[in-house]
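Inspection log for the structure reproduced underneath, given as structure tokens.
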Protein chains: 2
Amino acid sequence: MTETAQTIHDMLQRLELFSSCSDDFLTKISSAAHLTTKPKGHMLFIHEDQADYFYLVKSGWVKIFRETLDGDQAIVDIFTNGHILGETSIFQDDIYPYSAETVEPSELVQLPLSMLKDEIETNPKFAMAMLSSMARYRKQQDQELEHRTLQNAPQRIGCFLLRLTDQSQSGGPVRIHLPYDKTLVASRLGMQPETFSRALKKLKQETGIEVKGSTIETDSLDRLVRYSCAACTSEFPCKDLETESG
Amino acid sequence: MTETAQTIHDMLQRLELFSSCSDDFLTKISSAAHLTTKPKGHMLFIHEDQADYFYLVKSGWVKIFRETLDGDQAIVDIFTNGHILGETSIFQDDIYPYSAETVEPSELVQLPLSMLKDEIETNPKFAMAMLSSMARYRKQQDQELEHRTLQNAPQRIGCFLLRLTDQSQSGGPVRIHLPYDKTLVASRLGMQPETFSRALKKLKQETGIEVKGSTIETDSLDRLVRYSCAACTSEFPCKDLETESG
DNA sequence: GCAATCAATTGACAATAGTCAAGGCAAACA
DNA sequence: TGTTTGCCTTGACTATTGTCAATTGATTGC
């Protein structure tokens, strides 16, 4: 096994999704995989293209989105470390259901869908893990839709910030760093950049957070939680909102 | 096998999701199932309750939703004939991820989750069918989120109406009947009843549809498609938007 | 048949978010 | 160092949607 293959093997092994896979399988798929570094703005695949590979994000950020004929786009999600994307195309006649593009310089592992399909069909535990991952993702997307329905712009931003924090540690001062452009955060939350800018200002007034460029600080998350989670059906800290799948 | 069990058996057999299941399994789960008729407004289960059963809708309509402490609710989806709901709780520690309530008088089949779990773990083809169903549903929810982002109220209504039509037959006059209250359609589309009422009026002006109570008529779908699908990433007719799973 | 109830519509107004245009700021580059 | 570029902010305005209140309309039950 090459050094790269070994690296990929170790990465996969650490993912919960692949925890039920044999070492043989991991070795085989790792050998067929490619690890690449892509600059910001690289298209991984396009909506409705023929799908032969799925991707694992090693580092960086990748947005998945769809766009209308006149260039308007809706961002479905933005993934980072340990998330996979494009894998659902094996259930969609090998057609990608969305487009994917790096939004920061990113390290990506390209893996053959055919081997994933084989493994699902032959390893019941893996199929179960896959189902589990999809159910978790689905719940997350349901919540996303809920937020669009019940939360206004400042609340959606507050919720976004909270999800960037380590929710296990509460109390005490917190520093949050936006992982990518504000314009992109805006789009991820379904609003215009101008709205984002003004809504962040409002959030500052309402919760006393400090905004310095792409860093947000606050003495305590309390006020942020009270303000943002008021219009939500889940209580803070939101559980089950982590998933590897995309 | 009782007569009811036989009825349920036959229903399940006709669903794509269960097409890979043995007759033995269908007989077994049908015998453990209950077929009930519920009036409008009956709660099937509540968000975060312990989940022991999943449900199949035989007729009528069931909304799945979540609500905040102050009673605001977000409707995730509304299901009818042949759709199942509550089944994802087996991947969520046997906790229902949303609440479910009938919105029309409905015939429902209550089925034990434990047997579903067994079948997934022992029948790889069924696991695959389950994955397939979830992937399809996921794509549909992604599109729902996209619509909230890109479409305005009249367009969302137009799109909703189009999805109620038989999209294979095009051209010629069409009559569409709203399957439940306008208030509920509004909520399903993430808007207030007042907004729905005004948006429907606007849609009428823009596309020439005729609105009489809960019946909508038009000489041709052309104008409706042109107006509603302009802000969408999929072209009409939208494929892959049908699923049995919920 | 009539009251009661709930759904739906409408008007007037408020709040929220989007659009367009103009600057400001900061990182990157020559 | 100065310029360029792209991101971000701000102002002024518009559009869309929400809110509250009143009314109409339709359906149900007595």
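Naming: A, B, ... by sequence-line order, numbering from 1 per chain.
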- Message: Categorize B:Ala153 for me: base, sugar-phosphate, or nothing, with a 4.0 angstrom heavy-atom threshold over every strand shown.
- Response: sugar-phosphate

- Query: Say you draw a straight line from CD1 of A:Ile84 to CG of A:Leu15; how long is it, rounded to the nearest 0.5 Å?
  - Reply: 8.0 Å

- Ignoring hydrogens and angles, does a donor from either the side chain of A:Arg198 or the base of D:dG11 sit under 3.5 Å from an acceptor on the other? yes

- What's the CG-C1' distance between A:Leu184 and D:dG6, to the nearest Å? 14 Å

- Message: Quick check: any donor-acceptor pair below 3.5 Å linking the side-chain of A:Glu194 to the base of D:dC8?
- Response: no

- Task: Give the rounded distance in Å between these two atoms: NZ of A:Lys201 and P of C:dA17.
- Result: 16 Å

- Task: Enter the distance from B:Leu200:CG to B:Leu161:CG here, rounded to the nearest 0.5 Å.
- Result: 7.0 Å

- Write down the distance between CG (A:Leu200) and C1' (D:dC7), rounded to a whole number of angstrom. 14 Å

- Query: Rounded to the nearest 0.5 Å, how far does OG of A:Ser99 lie from CD1 of A:Ile46?
  - Reply: 6.0 Å

- For A:Asn152 and C:dG18, what is the distance between atoms CG and C1' respectively, to the nearest whole Å? 15 Å

- Whole-Å distance between C:dA21 P and A:Gln192 CD? 15 Å

- Query: Roughly how many Å is it from CD in A:Gln155 to C1' in C:dA15, rounded to a whole number?
  - Reply: 13 Å

- Query: Are the side chain of A:Gln92 and the backbone N or O of B:Ala135 linked by a donor-acceptor pair below 3.5 Å?
  - Reply: yes

- Which whole-number value in Å describes the distance from B:Lys182 NZ to D:dG25 P? 14 Å

- side-chain N/O B:Thr183 vs C:dA7 OP1/OP2, d < 4.0 Å: no

- Between C:dT16 atom C1' and A:Glu206 atom CD, what is the distance in whole Å? 14 Å

- Item | Selection residues 174-214 of chain B - residue pairs positive for ring pair (Phe, Tyr, Trp, His ring centres under 6.0 Å), sequence neighbours left out | B:Trp61-B:Tyr180

- Note on the structure: Comparing A:Thr195 with A:Thr149, nearest DNA chain D nucleotide closer to 5' gives the residue A:Thr195

- Query: Just to confirm, is there a sub-4.0 Å distance from OP1 or OP2 of D:dT9 to any side-chain nitrogen or oxygen of A:Ser197?
  - Reply: yes

